[in-house]
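The structure appears below as structure tokens.
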2 protein chains.
Amino acid sequence: MAFAEFRPLDEKSLVEYIKVVPSLFSKLGNKLDGLTIKEVGDGNLNFVYIVVGPDGSFVIKQALPYIRCIGESWPMTKERAYFETVALKEQGHWCPDHVPEVYHFDRTMSLIGMRYLEPPHIILRKGLIAGVEYPLLAEHISGFMANTLFYTSLLYHSTTEHKRAVAEFCGNVELCRLTEQVVFSDPYKVSQYNRCTSPYLDHDAESVREDNALKVEVAELKSKFCERAQALIHGDLHTGSVMVTLESTQVIDPEFAFYGPMGFDVGAFIGNLILAYFAQDGHADDGNDRKSYKEWILRTIDETWNLFHKKFLALWDEHKDGSGEAYLPAIYNNSEVQHLVQKKFIEELFHDTLGFGAAKMIRRIVGVAHVEDFESISDAEKRANCERRALELAKLLLKERRKFHTIGEIVSAIKQVQ
Amino acid sequence: MAFAEFRPLDEKSLVEYIKVVPSLFSKLGNKLDGLTIKEVGDGNLNFVYIVVGPDGSFVIKQALPYIRCIGESWPMTKERAYFETVALKEQGHWCPDHVPEVYHFDRTMSLIGMRYLEPPHIILRKGLIAGVEYPLLAEHISGFMANTLFYTSLLYHSTTEHKRAVAEFCGNVELCRLTEQVVFSDPYKVSQYNRCTSPYLDHDAESVREDNALKVEVAELKSKFCERAQALIHGDLHTGSVMVTLESTQVIDPEFAFYGPMGFDVGAFIGNLILAYFAQDGHADDGNDRKSYKEWILRTIDETWNLFHKKFLALWDEHKDGSGEAYLPAIYNNSEVQHLVQKKFIEELFHDTLGFGAAKMIRRIVGVAHVEDFESISDAEKRANCERRALELAKLLLKERRKFHTIGEIVSAIKQVQ
Ligand SMILES: Nc1ncnc2c1ncn2[C@@H]1O[C@H](COP(=O)(O)OP(=O)(O)O)[C@@H](O)[C@H]1O
Ligand SMILES: Nc1ncnc2c1ncn2[C@@H]1O[C@H](COP(=O)(O)OP(=O)(O)O)[C@@H](O)[C@H]1O
Ligand SMILES: [Mg+2]
Ligand SMILES: [Mg+2]
Ligand SMILES: [Mg+2]
Ligand SMILES: [Mg+2]
Ligand SMILES: [Mg+2]
């Protein structure tokens, strides 16, 4: 066999690979004439090839045993491709409209073949920078989160299924450790990897490192992240892991998936929308002051949470007499108690969402990996001003999240930041 | 090989077994003359044989594929013996003074050979019923809990070690499910297994099944039990899992061990001391009003918690620059923040302890498995009165636990129950 051992592919060797893999070759109508292959990995970790022929197309994603954007000096297990595949299949099962189909997986090669999300699909973050409104985004992403989180939790699972799945995803520990470091640790200490818009934000970054109240809160979130196996979470659900058109929303790149706290996903998405919001002033120009676009982002934040929690509770109601073992129907047997437990559940999830969302915002401003929303603002002082406002809000949310009870209050808080 | 397949032993076949197992045979000086073997399993699940010869002794514990006290109609994996062994070894490693040494384990036979805790060791529960004061109990059990819980948590573990261990103990799911059912579910619903001191407590048991506020709280605890992998917990740390003399305290029977919330162990122990307290009035007689013994139990409750949390924090301080990844020293780098995180951690653990302890009390009064503390009170009405007071306190603790901040307040609350 030509590919019996792992080897990194390139645009040439990929053709050889496709030829010997029927599930891929057949997608191209079993021919290679007129094939174009292009590496497009703009992500941080992996190599992504778009393969298009006259009769079909797909995407190949290959994990190498290090972090692409840093290089071989930061090793990272290529087994992440296995967990990404398991997660893509599980999420695709519960939410087929918003997850690309997996055509092929090769564990030896750490290689996934999946549906090519053809143009005009673009990465959501790029759409947000360009100021494009996506009228179905909140509807779609709330459905993705409600379905994938509900159906992989003890609201649907038996504890037998749950522990089996939890144990399997404990194997994805290296990716969890990366999150632990870059989200929950590095921003709060001196680290060689941290950076910020210097010199403007040097003092702000230092303040983060000296804020005891913030450190207390981030410790609680880190414990939850490390210890609480609530549902199969995507683990990296920022606006760079979502591809969109005006009609379609597709969630890619769940290589960080594991059984963790639901709020980490919901928070990642909403936190990145908030970053997009604060970046808009840096993108405003004479032709477009971005004011109405900022309103659209705020509405989308509001709708994302509200639709999410409504859909989540609807699934709970639908399945309350089902297989889930968290709330047995013989115990939670009247509408008052059902209402009380749901209210309590959603309230905790809301506070987790705010906490994790805030932590994800902070790390994008003073940690190792920044977001294009801000990075694309070329005037450093302007960028720093945008970032500082986002940072102030994030610190408030992280420290005071239990004082907020509705997403409307969050939208107000965002607007109040000067 | 004579024992290549699982088979339940008896006093006779056990001799054949010992003969072919060098690690056991050698403990007896490689001879069988003068051997006495006695089955003493007074526990609920397994068979326990005491093997004593002129030159040595040990205990053999064998798990059968069902629950002993119920019978073959309630199957239960005999793999529990494997998890019990792993836990005994881990706990013995961190706390050798309070855990019997494992001499032998046979996975095929679901059989453990361990140190015989020779007389005058008795089960603590029996000592508490007899009114015996154990002056070192709080000191010893607090040490056991502080060591085993600290060293298996992220205060000591790297997340790599932690997830590996969590995954392994996910395999003990059947035993976890038994706890889920008998502690967190059955008492709050109609179940064929529930019983109570009838007719006296029929109404009290019904009240538990109709108490929405209680059900909301127990749901939160059940979620924590199922989802939060905080440390390797014993999982069944009641006063029947502790053997004592005036000088020695030994923790046995960790077959329910898994990575769960620390408060489940601390609560089990303290909750069972509270049950022992409320049973004393049923054991009082002309010769002994048990008043001073009740004071000793209250002091022991107080000391157990206070010593536990002091020892736990001392371990934390000792290892704060060590391998544990929850609170990195570069972040938690000043005494104020160190104090704040410890205070917050202990406060949550205290509330978990109260909640789980209360849930364990409730299930012993209206669930399937009762405790000898009460069962040995032959006058049913007297017993019911003792049980009712314990139940009232447990309901208060479960619902209002966040209002308590010191163990002294708990002792006061116990004394106030009429
Ligand atoms: N199924 C797909 N269809 C089209 N483009 C894709 C697809 N998957 C990935 N891409 C492109 O490749 C980029 C990197 O993919 P991603 O899965 O995010 O990799 P990484 O793990 O390195 O971040 C994406 O930003 C997107 O532009
Ligand atoms: N190592 C030991 N030394 C002496 N007696 C023991 C030992 N282990 C168990 N026993 C006795 O056997 C009884 C049942 O043991 P236990 O481990 O609690 O079994 P179960 O899991 O069935 O509850 C204990 O209550 C105690 O009396
Ligand atoms: Mg990506
Ligand atoms: Mg990725
Ligand atoms: Mg249900
Ligand atoms: Mg026992
Ligand atoms: Mg037992």
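All values below come from the heavy atoms of this structure, side chains included, with hydrogens, waters and symmetry mates left out. Remember, predicted model here, so these are calculated numbers, not experimental data. Labels below follow one simple rule: chain letters A, B, ... track the order of the sequence lines, proteins then strands, and each chain is numbered from 1.
For A:Asn172, no part sits under 4.5 Å from any heavy atom of chain B, backbone or side chain. With a threshold of 4.5 angstrom between heavy atoms, A:Glu220 approaches chain B through side-chain atoms but not through N, CA, C or O. Only the side chain of A:Phe258 comes within less than 4.5 Å of a heavy atom in chain B; its backbone stays farther off.
With chain B as partner, the option from A:Val218, A:Ile331, A:Val337 having the largest number of non-hydrogen pairs under 4.5 angstrom is A:Ile331. The candidate with the highest count of non-hydrogen atom pairs below 4.5 Å against chain A, out of B:Val341, B:Asp186, B:Val216, is B:Val216. Between chain B and the options A:Asn334, A:Val166, A:Val190, the largest number of non-hydrogen pairs under 4.5 Å is found for A:Asn334. Among the candidates B:Lys224, B:Glu210, B:Glu180, the residue making the largest number of heavy-atom pairs closer than 4.5 Å to chain A is B:Glu180. Considering only heavy-atom pairs separated by less than 4.5 Å from chain A, the leading option among B:Lys215, B:Glu168, B:Gln230 is B:Lys215.
Contact residues of residues 156-165 of chain A toward chain B are A:Ser158, A:Thr159, A:Thr160, A:Lys163 (heavy-atom distance under 4.5 Å).
In this structure A:Glu400 satisfies the salt bridge (charged side-chain N to carboxylate O under 4.0 Å, His left out) test together with A:Lys403, sequence neighbours excluded. Shown here are the ring-ring contact (aromatic ring centres under 6.0 Å, His included) partners of B:Tyr332, two or more places apart in sequence or in another chain: B:Tyr327. Not counting sequence neighbours, A:Gln91 has no partner by the side chain to side chain donor-acceptor pair (under 3.5 Å) test.
Crowding of B:Lys344 atom NZ: a count of heavy atoms from other residues, nucleotides or ligands under 6.0 Å exceeding 12.
Across A:Ser185 and B:Leu328, no two heavy atoms sit closer than the pair OG-CD1, 3.5 Å.
A salt bridge links B:Arg177 to A:Glu325: at least one charged side-chain nitrogen sits closer than 4.0 Å to a carboxylate oxygen.
In summary, the side chains of A:Asn333 and B:Lys189 do not present any donor paired with an acceptor at a separation below 3.5 Å, with no hydrogens or angles considered.
Atoms OG and CG, on A:Ser223 and B:Leu155 in that order, are 8.0 Å from each other to the nearest 0.5 Å.
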